[in-house]
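First comes the structure, then the notes that go with it.
Numbered from 1 within each chain, the chains take letters A, B, ... in sequence-line order.
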Number of protein chains: 2
Amino acid sequence: MTPADDKGNFVRRVPAGDTRERQVCADCGFIRYENPKVVAGSLVIDAGRVLLCRRAIEPRIGFWTLPAGYMELGETAEEAARREAREEAEAELVIERVFAVYSIPRIAQVQVMFLARLAQPHIAPGSESLEVNFFALNDVPWGELAFPSVRWAIGQYRSLDDQTAFIPFSNPDGENGDFA
Amino acid sequence: MTPADDKGNFVRRVPAGDTRERQVCADCGFIRYENPKVVAGSLVIDAGRVLLCRRAIEPRIGFWTLPAGYMELGETAEEAARREAREEAEAELVIERVFAVYSIPRIAQVQVMFLARLAQPHIAPGSESLEVNFFALNDVPWGELAFPSVRWAIGQYRSLDDQTAFIPFSNPDGENGDFA
């Protein structure tokens, strides 16, 4: 959310014909519908190692994350995941399947995480990354991961222990995405 | 989108620090970020039959749909799917797994469809439904389905032919959710 997103003279009330309070501009009547947003990202696996990007931007600058970001209009979830990998790691991906769908109500996110592999053997830091690297599952910097869902995804992938038949994951029991 | 959503004096330009055109209010500078929205819904299976709801509201009034709708703030995708089934069919669900993640760029939707079953043997039309019913897979009213993604989901479910191990579906090849 940028500072400009806080402009407008918004009050909370139930618009005519609705059943929920919405943010309504007291000046012009514009209704700012608030719905969860979709983050699309990938667990990119290469020779049993997972691709991580060290963030060059807030939040969690300097911490490691999976290539992922907000979907834009006009793209599919798969296209958004491929774009994010290109932007953050100069990686061209082949999307293999849905790996997990996580919900993080506190920040109104649904995260669609795909299992993917490199289409070409090239990665390099994009403008949002300080560095990018593949990590063996035993060498993941668990204490330096940017977000709980990054930990979930890598932990759940590791729990598969090379099983290829699995159903998609969701939030671990009792976890809502807040930092512990 | 309600009429009130068209209020405000929006123009398209690239805000400072951004790389994409956004809708910006020429009067107050408010940026209306547009991102895809999440529809959460369920393929509710009971004794091999699928739950359909005949729509009492536009769009596609009178056509059959799966219980599904826009996620609201503060809920998980699973909670949204259960709420929609309650609202549209008075059905209490047990969510079993992610069935499909569909993207429909034209209308900026990501649809997370779960496989689910009834927690209690009760269904009845909610205020958004004219009638609700379970249909055997051979009796689905294919010509009266409300949306392409309803057809995808039921068709893909039928293609499983009682297999229980499958990876989640996405859009059928070449289909983008437009009506044929």
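No side-chain donor from either of A/H122 and A/E92 sits under 3.5 Å from a side-chain acceptor of the other.
Distance OG/A/S129 to CD/A/E87: 10.0 Å, rounded to 0.5 Å. B/R82 CZ to B/L93 CG: the interatomic distance, rounded to the nearest 0.5 Å, is 8.0 Å. Distance check, rounded to the nearest 0.5 Å: OH of B/Y102 to CE of B/M113 gives 7.0 Å.
Screening A/E88, A/E72, A/E75 against A/R83 for a side-chain hydrogen bond (donor to acceptor under 3.5 Å, both in side chains) leaves a single residue, A/E75.
Within the 4.5 angstrom heavy-atom criterion, atoms from both the backbone and the side chain of B/E34 approach chain A.
Listed options B/R22, B/E79, B/E78, B/Q109 were ranked by heavy-atom pairs under 4.5 angstrom with chain A; first place goes to B/R22. Between chain B and the residues A/V112, A/T76, A/N35, the largest count of heavy-atom pairs under 4.5 Å involves A/N35.
Within residues 43-56 of chain A, no residue has any heavy atom under 4.5 Å from a heavy atom of chain B.
Side-chain atoms of A/E84 do not come within 3.5 Å of backbone N or O of A/R86 as any donor-acceptor pair.
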*asked:* Working note: A/F135 + A/W64, criterion ring pair (Phe, Tyr, Trp, His ring centres under 6.0 Å); need CA distance, chi angles, decisive distance, verdict.
replied: CA-CA 11 Å; A/F135 288 86; A/W64 293 91; 4.9 Å; yes
